[in-house]
Amino acid sequence: MLKQVEGSHAVAEAVALCRPEVISAYPITPQTHIVEDLGSIVKAGGIENCQFMLVESEFGALSACIGSSAAGARSYTATSSQGMLFMMEAVYNASGMGLPIVMTVGNRAIGAPINIWNDWGDSMSARDSGWLQLFAETNQEAVDVHIQAFKLAEELSMPVMVCMDGFILTHAYERVDIPEQSQVDEFLPPFQPRQVLDPVAPLSMGAMVGPEAFTEVRYLAHHKQLQALELISKQAAEFKAIFGRDSGGLIKSFEAEGAETVVITMGSVIGTMKEVLSRMRDDGISIGALTIRSYRPFPSEALREALKDAKRVIVFEKSLAVGMGGIVSMNIRMALQHLPIRVHSVIGGLGGRPITRANLRRMFDKGVKDQLEEPHFHDINIDVVDRELEREKAERRSGSIAENILHDVGVVAAAKAI
Amino acid sequence: MTQISETKQKVKFYQTGTLTAGNRLLEEGHRSVQATVDRSNSLDCGHRACQGCGEALGARFAIDAAMRATNNQLIAANATGCLEVFTTPYPETAWSIPWIHSLFGNAPAVASGIAAAMKAKGRDDVRVIAQGGDGGTTDIGFGCLSGMFDRNDDVLYICYNNEAYMNTGVQRSSATPGAARTATTMPVGPEPGNDFATGKSVPLIAMAHQIPYVATASVHDLHDLEHKVSKAMSFHGARYIEISVPCPLGWGSKPGDTIKIARLAVQTGMFPLFEAENGDVTGVTKIRQHQPVGEYLKLQRRFAHVFKKENEDQLQALQAIADRNIKRFNLLPSGGEEE
């Protein structure tokens, strides 16, 4: 059914359609509206036989899901930012034990400095945890990918994160086609766990493994991710057959075929980019784009195939490996290492910095001429940075970098004036 | 047939000085679950606990009692710690019940999740236990434990309290008593051992959550322990039992003294036995033979320094703690008078 709804509400409806049996909830911006709406749905009797748990922390939220999933219940939670870090021990534990939990990540920056706005710092901090990470472009895709995520998780017996840009998607009202219950039931069978805590057939889960077997256990975790590469494409096709929509998959092309320059990104920012790239093509520039829908597993083969005619790629990412550079671009360089393709790494949109058509166009114009420094910090005000470095040189006790920069750019002065 | 050599092992037919009745003197219904042929052996033989481990004993009796109380419909979540490590090096397991270990600090939340799953599936017959040592309970798992109490989730949490982080090599926890030697509170300097006026009582904190049932128990009185576990399983909602489990390795005691030391902890007032329902104390186990704390402490090398002349004040401080417990819980028979 077509609805004009907030992204979070659409996701809550999609999760409800998947008939979760246990939902644990802890508030953190910007995922709060999702669990709030699920709470209302459960309280109103909108999900049969579902327990909604109000837990004391994100660590408790995911730990409760570990228990409920191990006991054979379809389990769901959501988090963002600091919440992801607070539950990190359980994040690794859930995947290590092969528990098919689905978790929405309303992508948000990680502090300090504390910042509630969007970037991918939270998901990236868990990129090596063994969870699958699927990124949504639109709220429609967020809805669709959640439905696919439960099926994927349960077939592989691995947990899945559905990553959606905080605020940009979670708080945006747009037209979303909410599927029918009958469609979801046709696509997603009831949960049949590979291992379950049951007094009828007692087993011990989560016991100790020493050096004699740890390598093989870890290898199999990697192998499951490789299996997922096939399964993600297969399920996207199954999804299309029932729901009539292309959603999910490994990568998606936006006129990347045959383009000299291909922009690669993830999440919602492609929406703005598409317009810029279309105008650049009108100006006679050979440029297209690809989005990575599945960041874990990383679709190296699919990328190589899609980029076989490209001369250069510009990776645009809202994430930074401090002391190294772009995280997604490192993965792409690894995937393309034997191809004669130049890779530019662009880091932008950190902590919610607006990404506009104008600043993208300026950056792309440099990129197609190979004039971007490595890595390129998109829309950075380097004068502000230089002035802070000067202050640090001039004075030992130069104070908080974050506060100094806010003073410098005038935000603090402006706030005082109000 | 193998003959046990008398020179190697002196067979004792009667326990002496235990103050507990032997099974054969009890009616069948009151006998320990361990005395029945249908005991569940939830924590079976072959595990790797140390000789004289109080925790292994406590866990075996507690879980078997819970199994009997639930008609064997039990699932357990275990915190990281000695109990987890000595029972489950894959591919071996000493557990014959459905059992899960996730992390050090999340056993209460994992158990809450299992309980929620059972509720969602309409499996009202299946009950859930979480268990851990004092470190996993009073320190790193405390947030999740309080959350489980707060939500009144249908879980019995059992803390096996041996008063330090034994699995990592005997470091201080918030259940370590004053003066006690641990690897992080060594008996050196002017105030040797653990600081006084630190630590917390999780049974009292549990009571402050107004949960249906809280109890303390000891491995020296296994009938009482079984009774409290069975009683706990007659309630729904969050329940907490803390069991005093001496640790020969960490306490510096003889493995053969575990029961004796556990008994002395109770008889001195150092470990009061009580029950509480909905936040109010409903019963205490009176001390039958009141002993000075020195009798308890002298069997443990972790307290050896308190018997030095210059540390007399520490011995007095420990006696004061015991006296305070006795007064607070009214542990002496007939209103404070000793028998």
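Not measured: the values here are computed from a predicted model. Hydrogens, waters and symmetry mates play no part in the numbers below; they use all other heavy atoms, side chains included. So that the names make sense, note that chain A is the first sequence line, chain B the second, and so on, each numbered from 1.
- When the side chain to side chain donor-acceptor pair (under 3.5 Å) test is applied to A/K224, no partner is found at least two apart in sequence or on another chain.
- With a 4.5 angstrom heavy-atom cutoff, A/A90 touches chain B via backbone and side-chain atoms both.
- The main-chain N or O of A/R127 is found under 3.5 Å from a side-chain atom of A/R296 such that the two form a donor-acceptor pair.
- Within 6.0 Å of atom CD1 in A/I114, 12 or fewer heavy atoms from other residues, nucleotides or ligands are found, so the atom counts as exposed in its surroundings.
- Contact tally against chain B (heavy-atom pairs below 4.5 Å) for A/G60, A/A207, A/A71: the top residue is A/A207.
- For A/L54, the part sitting under 4.5 Å from any heavy atom of chain B is the backbone (N, CA, C, O) and nothing else.
- In this structure, the side chain of A/S81 does not engage the main chain of A/D122 through any donor-acceptor pair within 3.5 Å.
- Most heavy-atom pairs under 4.5 Å with chain A, from the set B/G143, B/G147, B/A120: that is B/A120.
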Where do A/T104 and A/H146 land on the side chain to side chain donor-acceptor pair (under 3.5 Å) test, with the steps shown first? CA-CA 8 Å; A/T104 309; A/H146 274 89; 2.6 Å; yes
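- Residues passing the salt bridge (charged side-chain N to carboxylate O under 4.0 Å, His left out) test with A/E155, sequence neighbours excluded: none.
- Closest non-hydrogen pair, B/I241 versus B/A232, comes out as CD1-CB, 3.9 Å.
- Applying the ring pair (Phe, Tyr, Trp, His ring centres under 6.0 Å) test to every pair with at least one member in residues 191-218 of chain A, sequence neighbours left out, gives no pairs at all.
- Proximity to chain B (any heavy atom under 4.5 Å) is shown, for A/V55, by both the backbone and the side chain.
- At a 4.5 Å heavy-atom cutoff, the contact between B/L74 and chain A is made by backbone atoms alone.
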For A/H223 and A/Q227, what are the C-alpha separation, side-chain angles and deciding distance, and is it a side chain to side chain donor-acceptor pair (under 3.5 Å)? CA-CA 6 Å; A/H223 183 76; A/Q227 276 183 298; 4.6 Å; no
Taking donor and acceptor roles from the modelled atom types, list the N and O pairs under 3.5 Å across chain A and chain B.
unit_1 : atom_1 : unit_2 : atom_2 : d
A/E21  : OE2    : B/K121 : NZ     : 3.0
A/E56  : OE1    : B/R151 : NH1    : 2.9
A/S63  : OG     : B/N106 : ND2    : 2.9
A/G72  : O      : B/K121 : NZ     : 2.9
A/N93  : OD1    : B/S102 : OG     : 2.5
A/N93  : ND2    : B/S102 : O      : 3.0
A/L203 : O      : B/W99  : N      : 3.0
A/S204 : O      : B/Y90  : OH     : 3.4
A/S204 : OG     : B/T93  : OG1    : 2.6
A/M205 : N      : B/W99  : O      : 2.8
A/M205 : O      : B/H101 : N      : 2.8
A/G206 : N      : B/Y90  : OH     : 3.4
A/G206 : O      : B/H101 : ND1    : 2.7
A/M208 : N      : B/T88  : O      : 3.1
A/M208 : O      : B/Y90  : N      : 2.9

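- Contact annotation for B/A116: both backbone and side-chain heavy atoms come within less than 4.5 Å of a heavy atom of chain A.
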